[in-house]
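What follows is a short report on a single structure.
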Amino acid sequence: MRENGRVTSATRQPETPASTVPPRLIATDLDGTLLRDDKSVSPRTVAALAAAEEAGIEVFFVTGRPARWMDVVSDHVHGHGLAICGNGAAVVDLHGGPGAHRFVKVRELARENALDAVRLLRDAAPGTVYAIEQTYGFNQEPDYPKLHMEVPDILLSAEELLGPAGPLPDEPVLKILAYHPTLDPDAFLTLARLALGDRANVTRSSPSALLEISGPGVSKASTLALCCAERGISHEQVVAFGDMPNDVEMLTWAGRSYAMGNAHPDVIAAASGRTVANNEDGVAVVIERLLAELP
């Protein structure tokens, strides 16, 4: 999940890491990566994705978005039709179309861990406000700002939302969103990781001080690794694309990885290659080159 906004200037020419292993799976982030800033998928990118699937290369959308925000790419799924949502908290079958997505795998954030995270981060960063993402619901605290494209179902404190007497106590929690009105985004991320330790996984995909808190060990990379293992695909056979800190683990894990021209500095450092910006169809540029190199 990412608001529009440049992080660094675009790179003019892709830098391609050398590899002798033919790709079997492409894993791509959406916002700031596959999608243009207007949230569209360009015709060139649509064609590149279809060509990859036609060549026998699976394409996985791997995003911080919740399942209900996947309509933007539902028309572009082929074959398996699976996407990894919520930074690895869920694997979703998109074949049902808008409003009919099916959860294939859920890696929830335990309520005890979630409550610990809320308490510890409130102590470490006074003024933090929260929203709670569940499999089907989105609830938030009254002071949480309007950052997303929807109206919350319920307005309560995070402690009430996550407590045993709270609403929807049996619906899995996928992640907590923690927002701070004044802290620097990267400083807030570092502070939260130190405060929460191994109780949860903390990352961010927004240019604002908005953190995404998932279960311990839950990330785009770890869920992608599970999906690849089920298919007999090794990390060397994966090509990944991303632009923000929530992509770092995935880019480090994949055999070949590309930071977008508009990527965060940490992403540039983690990736093995670079491509042009999302508005210049950077994912399509690389896919076209990969397909041209196939025997």
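Since the model is a prediction, treat every value here as computed from it, not as a measurement. Both backbone and side-chain heavy atoms feed into the values below; hydrogens, waters and symmetry mates do not.
Here the closest heavy-atom approach between residue Leu115 and residue Ala158 is recorded as CD2-O, 4.5 Å. In terms of heavy atoms, Thr128 sits closest to Glu141 at O-OE1, 4.4 Å. Between Leu183 and Ala125 the shortest heavy-atom distance is CD1-CB, 4.0 Å. When all heavy atoms of Ile268 and Ala263 are compared, the closest pair comes out as CD1-O, 3.8 Å. Gly86 approaches Ser214 most closely through the heavy-atom pair O-OG, 4.1 Å. Nearest heavy atom pair, residue Thr223 against residue Gly88, reads OG1-O, 2.6 Å.
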Could you go through Arg119 and Asp116, starting from their C-alpha distance and side-chain angles, then the distance that decides it, and tell me whether this counts as side chain to side chain contact (heavy atoms under 4.5 Å, CB included)? CA-CA 5 Å; Arg119 174 180 56 82; Asp116 280 348; 3.4 Å; yes

Could you please spell out the steps behind the side chain to side chain contact (heavy atoms under 4.5 Å, CB included) verdict for Phe138 and Leu177? CA-CA 10 Å; Phe138 174 76; Leu177 299 165; 3.8 Å; yes

Before you tell me yes or no, could you show the steps for Arg107 and Leu226 under side chain to side chain contact (heavy atoms under 4.5 Å, CB included), namely the whole-Å CA-CA distance, both residues' side-chain angles and the distance that decides it to 0.1 Å? CA-CA 11 Å; Arg107 304 181 68 195; Leu226 291 173; 4.1 Å; yes

Determine whether Glu108 and Val173 satisfy the following criterion, side chain to side chain contact (heavy atoms under 4.5 Å, CB included), listing intermediate values before the conclusion. CA-CA 5 Å; Glu108 67 182 289; Val173 174; 5.6 Å; no

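When side chains are defined from C-beta on, Asn87 does not count as touching Asn201, because their heavy atoms never get closer than 4.5 Å. Side-chain atoms of Phe188 and Leu121, non-hydrogen and from C-beta on, do get closer than 4.5 Å to each other. Counting heavy atoms from C-beta outward, Cys227 and Phe60 have side chains that approach closer than 4.5 Å. At least one side-chain heavy atom of Ser257 sits under 4.5 Å from a side-chain heavy atom of Ser272. Using a 4.5 Å heavy-atom threshold, the side chains of His235 and Cys228 count as separate. Between Thr135 and Leu174 there is a side-chain heavy-atom pair separated by less than 4.5 Å. In this structure the side chain of Asn139 reaches within 4.5 angstrom of the side chain of Gln134, judged on heavy atoms. Between Val21 and Arg256, every side-chain heavy-atom pair lies at or beyond the 4.5 Å cut-off.
Of the possible polar contacts, one joining the Asn279 side chain to the Asp37 backbone as a donor-acceptor pair under 3.5 Å is found. Listed for the Asp123 side chain is no donor-acceptor partner under 3.5 Å among the backbone atoms of Leu120. A donor-acceptor contact shorter than 3.5 Å is absent between the side chain of His264 and the backbone of Pro245. Between the Asp281 side chain and the Ala284 main chain, no donor and acceptor come within less than 3.5 Å of each other. Looking at Tyr130, its side chain does come within 3.5 Å of a backbone N or O of Val118 through a donor-acceptor pair. Side-chain atoms of Asn262 come within 3.5 Å of backbone N or O of Asn278 as a donor-acceptor pair. Side chain of Ser40 to main chain of Arg36: no donor-acceptor pair is present (N/O by atom type, distance under 3.5 Å, no hydrogens or angles). Without hydrogens or angle criteria, His180 side chain to Pro185 main chain gives no donor-acceptor distance under 3.5 Å. In terms of modelled atom types and a separation under 3.5 Å, the side chain of Glu212 and the main chain of Lys175 share no donor-acceptor contact. Under the 3.5 Å distance criterion, the side-chain polar atoms of Asn113 are left unmatched by any main-chain donor or acceptor of Leu109.
Hydrophobic clustering of Ile, Leu, Val, Met, Phe, Trp and Tyr side chains at less than 4.5 Å, counting indirect connections, keeps Leu211 apart from Val218. Grouping the Ile, Leu, Val, Met, Phe, Trp and Tyr side chains by contacts below 4.5 angstrom, directly or via other members, places Tyr136 with Val106. If you chain together hydrophobic residues whose side chains sit under 4.5 Å apart, Leu210 and Leu161 never meet in one group. Hydrophobic clustering keeps Leu251 apart from Leu35 (ILVMFWY residues linked when any side-chain heavy atoms are closer than 4.5 Å, directly or through intermediates). Hydrophobic cluster membership is shared by Val41 and Ile57, with clusters built from Ile, Leu, Val, Met, Phe, Trp and Tyr side chains linked at under 4.5 angstrom.
Atom CD of Glu54 has 12 or fewer heavy atoms from other residues, nucleotides or ligands within 6.0 Å.
Residue Leu34 is tested with Val62, Asp29, Leu49 for a side chain to side chain contact (heavy atoms under 4.5 Å, CB included); the sole match is Leu49.
Arg289 CZ to Thr275 OG1: the interatomic distance, rounded to the nearest 0.5 Å, is 8.0 Å. Distance check, rounded to the nearest 0.5 Å: CG of Leu82 to CZ of Arg231 gives 5.5 Å. Separating the OG atom in Ser219 from the CH2 atom in Trp253 is a distance of 10.5 Å, to the nearest 0.5 Å. With values rounded to the nearest 0.5 angstrom, Ser42 atom OG is found 11.5 Å from Glu280 atom CD. In this structure, CZ in Arg65 is found 4.0 Å from CG in Asp31, a value given to the nearest 0.5 Å. With values rounded to the nearest 0.5 angstrom, Ile132 atom CD1 is found 4.5 Å from Ile176 atom CD1.
Ser222 and Glu249 are not linked by any side-chain donor-acceptor pair at a separation below 3.5 angstrom, with hydrogens and angles left out of the test.
Classified by interplanar angle (parallel below 30°, tilted 30° to 60°, perpendicular above 60°), the ring pair Tyr144/Tyr179 is perpendicular.
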